[in-house]
Amino acid sequence: MNIFATLKSRIDAAIGELVAEGALPEGLDLSRVSAEPPRETSHGDVATNAAMVLAKPTGKNPKELATLFAARFKKMPDVTDVSVAGPGFINIKLDDRIWRDGLRDVLVEGTAYGDGQAGQGEKINVEYVSANPTGPMHVGHARGAVVGDALARLLAKAGFAVTKEYYINDAGGQVDNVARALRMRYLQTLGKITEVDVQGALERKEIQYGGDYLIPVAEALAARDADKWASVEDEAVWIPALRDFTVAYMMKLVKEDLLALGVHHDVFSSEKALVEAGKVDGALVFLESEGLTYTGVLEPPKGKTPDDWEPRPQLLFKATEFGDEVDRPVKKSNGTWTYFAGDIAYHKDKVDRGFTNLVNVWGADHGGYVKRVQAALKALSNGKGKLDVQLCQMVRVLNNGEPVKMSKRAGTFVTMRDLIEEVGKDVVRFIMLTRKNDAPLDFDYAKVMEKSRENPVFYVQYAHARGRSVFRHAAEMFPTADLSDGGLAKADFARLVDPDEIGVLRTLANWPRTIEGAAFAHEPHRLAFYMYELASQFHGLWNKGNDAAELRFLQPADQSVSVARLALVRGVGLVIASGLTVFGVEPVEEMR
RNA sequence: GACCCCGUAGCUCAGCUGGAUAGAGCACUCGCCUUCUAAGCGAGAUGUCGCAGGUUCGACUCCUGCCGGGGUCGCCA
C-alpha cells in the first residue's frame, strides 16, 4: 500500500469530519489537497497543503485553518507529531514503524510492489519504432524503440491495458523506390551491370537507396527467382514483386534487430493491408460525410517557395477546425492518397479497435506532423480520442568524445545493430532512458562502459549485484536462517534504527508514487533517476559499514539484526529489479 | 514568416504535471581509505533558474512578449 495515498485518504476523511461537525462549509473540492514527502526531511515525513488550498473556499486564513487541521491530524493513526510551518504547510511526523511496515510490503509483493491501479485497466495503445522497411534501423530508431517499450511496460505496471504496436509503411512511394534500387542491385548480382552503374544511377538520383545492405537482398532474390526479373520491363509488374520481396526481407531484419534489443510488439499493422481492405477510402468517406473534407488550393509554403510550386486543387482535410494551422492534403494532385490519408485510416482503425487513449513515439523530425494527426484523431473519434506524441531527439554516438564514424553497411548512419554489438542491449536500453526523450542525448561508448559512479547503468547494477553478494555471504554465515522473501518479511524490523537505514526505507516507500507519476506523465526516464538515487543511498549504507564494522549488514554474533538488515538489502534489490524490468534490463547477480 | 522542442552551478543534467532555503554527478579544495566484491569514501565551495511583464497566498514550473540554440514547413514517408 502506498503510504502517501493512505495519508491523503486519511486527511480527506479528517476534513470530512470537520465538515460534518459544521466547522467547515460543505461541498469543498479536495482534489488539490496533496500528501507528499517534503523536500527537506527535517520538515517531517509527510506534508500537506490542505490549509493553503482550502483557505479561499472556506473564507479562513491559512494559518488559522492549518492550526485547526493540525489538531485533528494529531489523532490520526501512526502520527507522532504535527506542526504548522511557513505559509500554512502542515508537516506530519510518522512513527518509524510506518516505514518498516512499508518494507514488509515490498518483501511480500516482490517485484509487483509499486504496481498501480492508476490506469484502472483502461486500454491504451502505444505505437513506436514504425521504421520504414527500406533499410537497417539506426540509433534514432533504437531510442524510439527503447522509449516506447519502456513506456509501454511502465503503463502496464501502472495498471493500463497496453497494446504495443508497430505501423509498417509498406505502401507508397518509398517502398517503390527501394524496389527500384533493389532491381539495380539484382542486375548487378546477375552480372548484367557493375558497381559503377549503380553509383551512377545513385548520383543521377534515379535511385535513392545506395547502401550495401541491398546486396544480400538482391542475392536472396536471385537465389529464389534466378534471372526471372531481368527481362521484365513493365514497372507495374516488377515493382510490386520486388517491393514485396524487399519489405518482407527488411521486416525480418527489423524484427531481428528488435529481438536483439529485447523489444516486442503485440501488433504489426500494415499500411498496405489497410489500403487493400479499403480502409483508406472508408476513413475518407467518413470524414466527407462529416463535412470535413473539400477540394481546394493551398497557399504556397511560407519561407522559401519550392521552384516548381504551382497552385493545384487537391482534396483537403479541415485540420484547422481541430487546432492545426492549415488544412492538410489527403490526395495528391495526381489523385493518389497522401501518406497522411493512410495515417488517418490507421488512426481510425485504432479508434475502431476501441482505443481512445493513444501514444505515438516519433523522431523529432516528425514534430511538424503532430498537430494534423491529433486533429484527425479528434475528427475521427467525436473528440473523445486523445493522442500524446512523444518526440525523441537526436542521439549523437561518440567514443571518448569523438563522433563514431558511420557504418559502411548502411552508408550514412550508425546502425542499431552496431550499437548493440558494441555495448550490449542492457546498456543501450538503460542509457537511452537516462534523459527526457525531448532532450538530445550523447551516447559515448567509452563512458557507458565505465565502471564508476558517473555511469548510471554501472552504478545501479552494481548496487543490485552487491545486494546479491551479501546474500551469498549470509547463506554461509547463517545456514539455518530462512532468507526467503517470506522469511525476511518476518524479521524484527525494529532492529532497523540507523537514520540512513530509515532513509532507504523512505525512498522505497516512494517507489509507487514514482511509478504513478512517471506513467501519468509518460516519462519513463524518471525511473532512471529514482534508481540512481536509491543505488546511491544503498552504496552509502555499505560504505558506512566499511568505516564502522557494527554497521555492516552481516553481524556474525547477531542473527536478528543481520536478518533485519538483509530484509532491507532485499527490499532495495527488489525495487531496483522491478525498475530495471520496466526498462527491459536484466538485473545482474554479480560483477566479476 | 509560421509552428514544435530546448535554455537551471564552470561542464553534463534532475527538479515528482504551482509549494518551503532550486538539487545530483563531473571538475575544484581539504581529509580519509585496501574493503560484507576492487572499479573509492566523507566534508566544503558553486546559481540574476535566458530576459521582461502577468496570473496567485506562493512561479524553475502556468500565460504573454522578446533573445539565443535545434527541428520542421504543398502533392516525401
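The chains referred to below are lettered A, B, ... by the order of the sequence lines, with proteins before strands, and numbering in each begins at 1. Since the structure is predicted, the reported quantities are computational estimates derived from the model, not experimental observations.
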(request) Summarise protein proximity over nucleotides 54-71 of chain B in one line of letters, 5' to 3': B for base, S for sugar-phosphate only, - for none, counting protein heavy atoms closer than 4.0 Å. (result) --SSB-B----------S
(request) Report, as a single string ordered 5' to 3', how protein heavy atoms within less than 4.0 Å touch nucleotides 9-14 of chain B: B base, S sugar-phosphate only, - not at all. (result) ---SSS
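For the pair A:R526 and A:F529, the cation does not sit on the ring face, since its NZ or CZ is not both under 6.0 Å from the ring centre and inside 45° of the axis.
Residues satisfying the side-chain hydrogen bond (donor to acceptor under 3.5 Å, both in side chains) criterion with A:E271, sequence neighbours excluded, are absent altogether. Contacts of A:R39 classified as salt bridge (charged side-chain N to carboxylate O under 4.0 Å, His left out), with partners at least two apart in sequence or in another chain: none.
Remark: A:R328 is not in phosphate contact with B:C75, judged by side-chain N or O atoms under 4.0 Å from OP1 or OP2. In terms of phosphate contacts, A:K332 brings a side-chain nitrogen or oxygen within less than 4.0 Å of OP1 or OP2 of B:C76. In terms of phosphate contacts, A:R453 brings a side-chain nitrogen or oxygen within less than 4.0 Å of OP1 or OP2 of B:G25. Note on A:S333: every side-chain N or O is 4.0 Å or more away from OP1 and OP2 of B:C75.
The stretch residues 551-566 of chain A touches RNA chain B through A:R552, A:F553, A:L554, each having a heavy atom under 4.0 angstrom from the strand.
Residue A:E40 is out of contact with every strand shown, counting any heavy-atom pair closer than 4.0 Å. Residue-level contact check: A:A171 touches the backbone only, with heavy atoms under 4.0 Å from sugar-phosphate atoms and none from bases. Contact annotation for A:K371: backbone-only contact, meaning every heavy-atom pair under 4.0 Å involves sugar-phosphate atoms and none involves a base.
Look at A:E325 and A:K371 and you find a salt bridge, because one of the NZ, NE, NH1 or NH2 atoms lies within 4.0 Å of a carboxylate O, short of that distance.
With distances taken from any side-chain atom of A:F89 to the nucleotides B:A20, B:G74, B:C5, the minimum falls on B:A20.
Between the side chain of A:R468 and the base of B:U37 there is no donor-acceptor pair of N/O atoms closer than 3.5 Å. In terms of polar N and O atoms assigned as donor or acceptor, the side chain of A:N91 comes within less than 3.5 Å of the base of B:A20 in a complementary pairing.
Base-pairing analysis of RNA chain B finds the following stems of at least three consecutive Watson-Crick or G-U pairs, with both pairing distances under 3.5 Å: B:1-7 with B:67-73, B:10-13 with B:23-26, B:28-32 with B:40-44, B:50-54 with B:62-66.
Separating the P atom of B:C60 from that of B:G50 is a span of 10 Å, rounded to the nearest Å. Of the C1' atoms belonging to B:G23 and B:A14, the separation is 7 Å, rounded to the nearest Å. For the P atom pair drawn from B:A20 and B:G53, the interatomic distance equals 23 Å after rounding to whole Å. Nucleotides B:G58 and B:A22, compared at atom C1', are 15 Å apart to the nearest Å. The C1' atoms of B:A2 and B:G74 are separated by 14 Å, rounded to the nearest whole Å.
Remark: ring of A:Y532 does not overlap the six-membered base ring of B:A24 in a stacked fashion, as centroids less than 5.5 Å apart with planes less than 30° apart are not both met.
Using modelled atom types and a 3.5 Å distance limit, the side chains of A:E165 and A:S269 yield a donor-acceptor pair.
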